[in-house]
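Structure first, commentary second.
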Amino acid sequence: YLGKIYVKSGGLTKEILVSIEVVSKESLFDIVLEIPKKYQDVLPGEEISFKVSLTRMVESDKKDVIINYTIKDEEGNLIISGEETKAIETSMSYVKEVKIPEETKYGKYVLYVQVIYEGKVASASKWFNVGTKSKLVGVMFWFVVVVVILIISIAFVILVIYLKNVKEGSKVTKKES
């Protein structure tokens, strides 16, 4: 379940996004879901990469488990979903990449991973941003740095040419005298 908690203090209101996961009482797996910092802010059309680590809570032979991946917006609307089957004995970690559709609107999204085995469910979720200002600010920062370096370089070249002309002009004036 997805929702928002609003915390108000004085004139400031802060929104906290939450996801509540309902899992089986006796889950057979522990899931750790990680989204590297590099992928916590992506643009539409880019890929998000995440690491899934699964650990079996009960020792047993190698078994196949169903792993569902879902990305939803903060209103709970489905953006992407997928399903895989993987064989696991004791533990496993792997990296998965999913392309964010081009038409995805800017906002906050939740990645939800669910493992189903023998009718029991374990899950994990993480929030990330699509089209956030922080990514755009980073691009803008480097653009400004390049423009400033170009302006300084051009100003330096103009100054060198000017000083060279002034020096040559003073030589001509001394010869005439």
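Side-chain contact between Thr70 and Val113: absent, with no pair of heavy atoms (C-beta onward) separated by less than 4.5 Å. Counting heavy atoms from C-beta outward, Arg56 and Lys63 have side chains that approach closer than 4.5 Å. Side-chain atoms of Lys86 and Tyr94, non-hydrogen and from C-beta on, do get closer than 4.5 Å to each other. Trp127 places a side-chain heavy atom less than 4.5 Å from the side chain of Glu74. Counting only heavy atoms from C-beta outward, the side chains of Val110 and Lys72 approach each other to under 4.5 Å.
Applying the salt bridge (Lys or Arg N to Asp or Glu O under 4.0 Å) test to Lys105 and every residue at least two apart in sequence or in another chain returns nothing.
Put simply, the residue from Tyr39, Phe128, Tyr69 that forms a ring pair (Phe, Tyr, Trp, His ring centres under 6.0 Å) with Phe50 is Tyr69.
If you check the side chains of Ser93 and Ser53, you find a donor sitting under 3.5 Å from an acceptor.
Listed here is the closest heavy atom pair of Glu47 and Val42: O-CG1, 3.8 Å. Of all the heavy atoms in Gly131 and Leu43, the pair that sits closest is CA-CD2, 3.6 Å. When all heavy atoms are compared, the tightest approach of Asp64 to Ala87 is OD1-CB, 3.3 Å. In this structure, Leu54 and Ile31 approach most closely via the heavy-atom pair CD2-CG1, 3.6 Å. Nearest heavy atom pair, residue Val52 against residue Leu33, reads CG2-CD1, 4.1 Å.
Between Lys96 and Glu84, at least one side-chain nitrogen of the basic residue sits less than 4.0 Å from a carboxylate oxygen of the acidic one, meeting the salt-bridge criterion.
Leu159 and Val166 fall within the same hydrophobic cluster, where Ile, Leu, Val, Met, Phe, Trp and Tyr residues are linked whenever their side-chain heavy atoms come under 4.5 Å apart, directly or through other members. Val32 and Val65 are members of different hydrophobic clusters when ILVMFWY side chains are connected at heavy-atom separations under 4.5 Å. Residue Ile152 is grouped with residue Val144 when hydrophobic side chains (ILVMFWY) are merged at heavy-atom distances under 4.5 angstrom, including chains of intermediate members.
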task = Please report the C-alpha distance between Leu111 and Ile35 in whole Å, then the side-chain angles of each, then the deciding distance to 0.1 Å, and finally whether the side-chain contact (heavy atoms from CB on, under 4.5 Å) criterion is met.
result = CA-CA 9 Å; Leu111 168 63; Ile35 300 176; 4.1 Å; yes
request  = Check the pair Ile71, Ile48 against side-chain contact (heavy atoms from CB on, under 4.5 Å), reporting the backbone distance first and the verdict last.
outcome  = CA-CA 11 Å; Ile71 294 178; Ile48 180 170; 4.3 Å; yes
key: Ser49 vs Val95, side-chain contact (heavy atoms from CB on, under 4.5 Å): CA-CA, chis, key distance, verdict   = CA-CA 7 Å; Ser49 179; Val95 174; 3.2 Å; yes
key: Steps toward side-chain contact (heavy atoms from CB on, under 4.5 Å) verdict (Lys108, Asn129)   = CA-CA 5 Å; Lys108 296 179 189 232; Asn129 301 301; 3.3 Å; yes
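In terms of modelled atom types and a separation under 3.5 Å, the side chain of Thr104 and the main chain of Ile100 share no donor-acceptor contact. Between the side chain of Glu46 and the backbone N or O of Lys99 there is no donor-acceptor pair closer than 3.5 Å.
Distance check: Phe156 CZ to Ile149 CD1 gives 14.5 Å after rounding to the nearest 0.5 Å. A distance of 13.5 Å separates CD1 in Ile67 from OH in Tyr117, rounded to the nearest 0.5 Å.
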